Amino acid sequence: MKYFQEVTEWEASYVPNHVYYLTDDKRKMVGYIKTGTKALIKFSKPMNFDPKGRKFVVLPKKGESDEVYFPKSVEKPVGQVIEVSGSNGKKYFLSKFGKGWSCTCTGYQFRHKCKHVDEMKEV
Ligand SMILES: [Zn+2]
């Protein structure tokens with residue numbers, strides 16, 4: 001989540017440019033800060049946001065992770081899938097594609113390799 005100050009120059013009439021609290025891709029809005037105020041007003045439900053044709057600058061104010069509001073759903077892969085339990089008790093899914101394996105753990109998401117995949121190679 002980031003705080004986006006809208007800086008659109010509206011042609012037709014005066015439209016106030018607020019600060020919007022959006023996901024990093026600016027597609028979902030969780031809340032906004034009204035022009036001239038400082039408090040973040042959160043909506044009861046996130047709304048879709050259309051940034052098309054509008055201009056924004058990202059404020060240095062730090063936002064939360066997108067996942068706080070929009071948790072990534074763990075997609076179950078198709079094909080040969082092996083379930084493994086991580087050291088922290090979490091479950092991961094290893095799926096085979098071609099000659100390699102992919103894993104749903106965070107380590108794999110970042111580095112495209114992890115100890116779960118390494119263990120599969122040794123077998
Ligand atoms: Zn893994």
Side-chain angles (χ1 to χ4, degrees):
M1 307 294 304
K2 289 188 175 118
Y3 290 90
F4 294 91
Q5 167 68 63
E6 182 160 16
V7 290
T8 310
E9 282 165 36
W10 301 94
E11 278 172 36
S13 58
Y14 175 74
V15 180
N17 282 335
H18 304 298
V19 172
Y20 297 96
Y21 192 40
L22 309 173
T23 49
D24 294 353
D25 63 4
K26 296 205 278 274
R27 287 291 173 192
K28 301 267 187 199
M29 170 164 55
V30 164
Y32 75 110
I33 303 170
K34 235 178 175 175
T35 311
T37 66
K38 281 181 180 156
L40 173 68
I41 300 160
K42 278 190 192 169
F43 304 121
S44 51
K45 255 195 195 163
M47 290 193 227
N48 288 329
F49 192 79
D50 187 6
K52 233 185 278 166
R54 300 165 68 171
K55 279 189 221 147
F56 301 90
V57 287
V58 180
L59 296 183
K61 196 171 156 75
K62 202 176 179 302
E64 296 143 297
S65 151
D66 283 0
E67 269 124 276
V68 173
Y69 299 98
F70 307 98
K72 274 188 199 149
S73 55
V74 178
E75 281 174 52
K76 264 200 180 181
V78 288
Q80 192 184 350
V81 176
I82 291 172
E83 196 180 304
V84 291
S85 298
S87 46
N88 52 2
K90 273 189 184 171
K91 278 188 170 40
Y92 303 117
F93 297 97
L94 286 157
S95 54
K96 191 163 191 181
F97 62 97
K99 284 178 185 167
W101 290 85
S102 75
C103 183
T104 56
C105 76
T106 33
Y108 187 87
Q109 310 305 319
F110 282 112
R111 296 184 299 270
H112 281 265
K113 58 182 187 180
C114 67
K115 60 178 190 224
H116 314 115
V117 169
D118 287 347
E119 277 165 23
M120 290 314 298
K121 283 178 186 160
E122 284 164 23
V123 175

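As the structure lists them, so they are numbered: ligands from 1, and atoms in each ligand from 1. Please read all numbers here as calculations on a predicted model, not as lab measurements.
- For the residue pair Glu64 / Tyr21, a side-chain donor-acceptor distance below 3.5 Å is found, with atom types taken as modelled.
- Alongside Phe110, the hydrophobic cluster contains no other residue (criterion: ILVMFWY side chains under 4.5 Å).
- Distances under 2.8 Å from the Zn ion (ligand 1) pick out the protein N/O/S atoms Cys103 SG, Cys105 SG, Cys114 SG, His116 ND1.
- Side-chain atoms of Lys42 and Tyr69, non-hydrogen and from C-beta on, do get closer than 4.5 Å to each other.
- Under the 30°/60° scheme for interplanar angles, the aromatic rings of His116 and Tyr92 are found to be tilted.
- Asn48 pairs in a side-chain contact (heavy atoms from CB on, under 4.5 Å) with only one of the listed residues (Arg27, Lys28, Met29), which is Lys28.
- The cationic atom of Arg54 (NZ for Lys, CZ for Arg) lies less than 6.0 Å from the six-membered ring centre of Tyr20 and within 45° of the ring axis.
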